[in-house]
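Input: a single structure, listed below in structure tokens.
No hydrogens, no waters, no symmetry mates; every other heavy atom, side chains included, goes into these values.
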Amino acid sequence: DYLPELERTRAALMEAPPLRNVPATRSRGEVQPARGPGNDAVTFDELDTPLAAGAGLDRASEHALGAWSVPREVIKIGSRTAGANLKMLTILGDEMEPTFRMNDRILVDTSDIRPSPAGVFVVWDGMSLVVRRIEMIAGSEPVRLRVSTDSPKYQPVERLHAETLIQGRVIARWSWI
């Protein structure tokens, strides 16, 4: 009898603006050449989406602040996706410390929303976009996920996979020293 409640919960969560539906400022997969002979780059947007890796924010605005261009060979290390599926976001809060710190920027592959293998993902939690470590709980039926932070100050939770709106996998970090 949990299915009707699950569907209501999922419908409520789906009211969130999915990160992967944010329009790109360029055509999907368009690549702008980098300077230099024979080089090419993948270009993707940095979104003005305050990313709650902590207490969370009210509905985040989603528009491009600008664009990043990274050599294609560098991107291939973590992803084979087109540039339009990549988004750069800024970390706020302390829930993912020490892995991610306040004002770190993370590169998210919005085409990778499967929590297998385990990893760090951007998730819509019903109030804001958050960064969480997600792993499938082996043998669970229906499939359950362990959703956790990297800070020992916060406790992990278990959620049904169907209730967890994964927006993309974190594949890289830009950090100021």
Side-chain angles (χ1 to χ4, degrees), residues 2-25 28 44-66 68 78-79 81-97 99-137 140 142-151 153-174:
Y2 75 92
L3 285 177
E5 181 61 30
L6 176 63
E7 287 304 314
R8 282 192 296 278
T9 300
R10 187 156 180 81
L13 289 172
M14 291 302 284
E15 292 175 13
L19 182 62
R20 60 186 167 277
N21 289 338
V22 175
T25 57
R28 181 169 290 279
F44 48 87
D45 292 328
E46 179 173 357
L47 299 182
D48 183 17
T49 303
L51 185 58
L57 301 170
D58 292 333
R59 310 276 294 194
S61 64
E62 296 183 341
H63 73 279
L65 288 173
W68 289 63
S79 177
T81 192
N85 292 326
L86 299 173
K87 306 294 181 196
M88 184 70 76
L89 304 166
T90 301
I91 294 285
L92 299 177
D94 67 349
E95 288 187 16
M96 289 303 289
E97 286 185 1
T99 308
F100 302 109
R101 299 183 326 228
M102 177 78 88
N103 294 321
D104 280 354
R105 286 182 168 81
I106 57 172
L107 183 59
V108 179
D109 179 351
T110 63
S111 69
D112 187 352
I113 59 171
R114 289 181 43 118
S116 179
V120 178
F121 294 86
V122 173
V123 181
W124 178 257
D125 73 355
M127 293 178 47
S128 62
L129 293 171
V130 296
V131 177
R132 295 292 183 266
R133 190 166 299 281
I134 298 179
E135 63 181 301
M136 291 177 41
I137 298 171
S140 60
V143 176
R144 298 188 63 79
L145 304 174
R146 180 172 295 107
V147 180
S148 61
T149 67
D150 286 356
S151 171
K153 295 192 298 187
Y154 304 97
Q155 298 299 311
V157 297
E158 287 187 13
R159 297 184 67 176
L160 289 172
H161 180 261
E163 295 176 342
T164 309
L165 296 178
I166 297 172
Q167 301 295 302
R169 183 182 294 269
V170 177
I171 61 170
R173 172 185 64 188
W174 172 275

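The side-chain contact (heavy atoms from CB on, under 4.5 Å) check on Met102 picks up Leu92, with sequence neighbours excluded. Legend: residues meeting side chain to side chain donor-acceptor pair (under 3.5 Å) with Arg101, ordered by chain and number and at least two apart, are Ser175. Looking at residues two or more places apart in sequence or on another chain, you find a side chain to side chain donor-acceptor pair (under 3.5 Å) between Arg105 and Glu46. Taking Asp150 as the reference, Thr99, Arg133 meet the side chain to side chain donor-acceptor pair (under 3.5 Å) condition, with sequence neighbours excluded.
Two residues are said to be in side-chain contact when any heavy atoms from C-beta on lie closer than 4.5 Å; Lys153 and Asp94 meet this criterion. Using a 4.5 Å heavy-atom threshold, the side chains of Phe100 and Val120 count as touching.
Here the straight-line distance linking atom CD1 of Ile91 with atom CZ of Arg173 works out to 9.5 Å at 0.5 Å rounding. To the nearest 0.5 Å, atoms CD1 (Ile134) and CD1 (Ile166) are separated by 4.0 Å. Atom CG of residue Leu145 and atom CD1 of residue Ile137 lie 7.0 Å apart, to the nearest 0.5 angstrom.
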Hey, mind stepping through Met96 and Asp104 against side-chain contact (heavy atoms from CB on, under 4.5 Å) and telling me if it holds? CA-CA 11 Å; Met96 289 303 289; Asp104 280 354; over 6 Å; no

Start with the C-alpha distance between Leu107 and Phe44, add both sets of side-chain angles, then the distance that settles side-chain contact (heavy atoms from CB on, under 4.5 Å), and finish with yes or no. CA-CA 9 Å; Leu107 183 59; Phe44 48 87; 3.4 Å; yes

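Between Ser79 and Leu86 the shortest heavy-atom distance is OG-CD2, 4.3 Å. Scanning both residues, Ile171 and Gly78, for their nearest heavy atoms gives CG2-O, 3.9 Å. Nearest heavy-atom pair across Gly168 and Ile113 is N-CG2, 3.9 Å. Residues Ala118 and Glu135 come closest through the heavy atom pair CB-CB, 3.6 Å.
Relative ring orientation between Trp68 and Trp174 is described as perpendicular, the plane-to-plane angle rising above 60° on a 0-90° scale split at 30° and 60°.
At least one donor-acceptor pair under 3.5 Å links the side chain of Thr149 to the backbone N or O of Ser151. Using a distance-only test at 3.5 Å, with no hydrogens or angles considered, a donor-acceptor pair links the side chain of Thr110 to the main chain of Asn85.
Of the candidates Val108, Leu89, Leu129, Leu47 forms a side-chain contact (heavy atoms from CB on, under 4.5 Å) with just one, namely Leu89.
Under the salt bridge (Lys or Arg N to Asp or Glu O under 4.0 Å) criterion, the residue pairs touching residues 109-121 are Asp112-Arg169, with sequence neighbours excluded.
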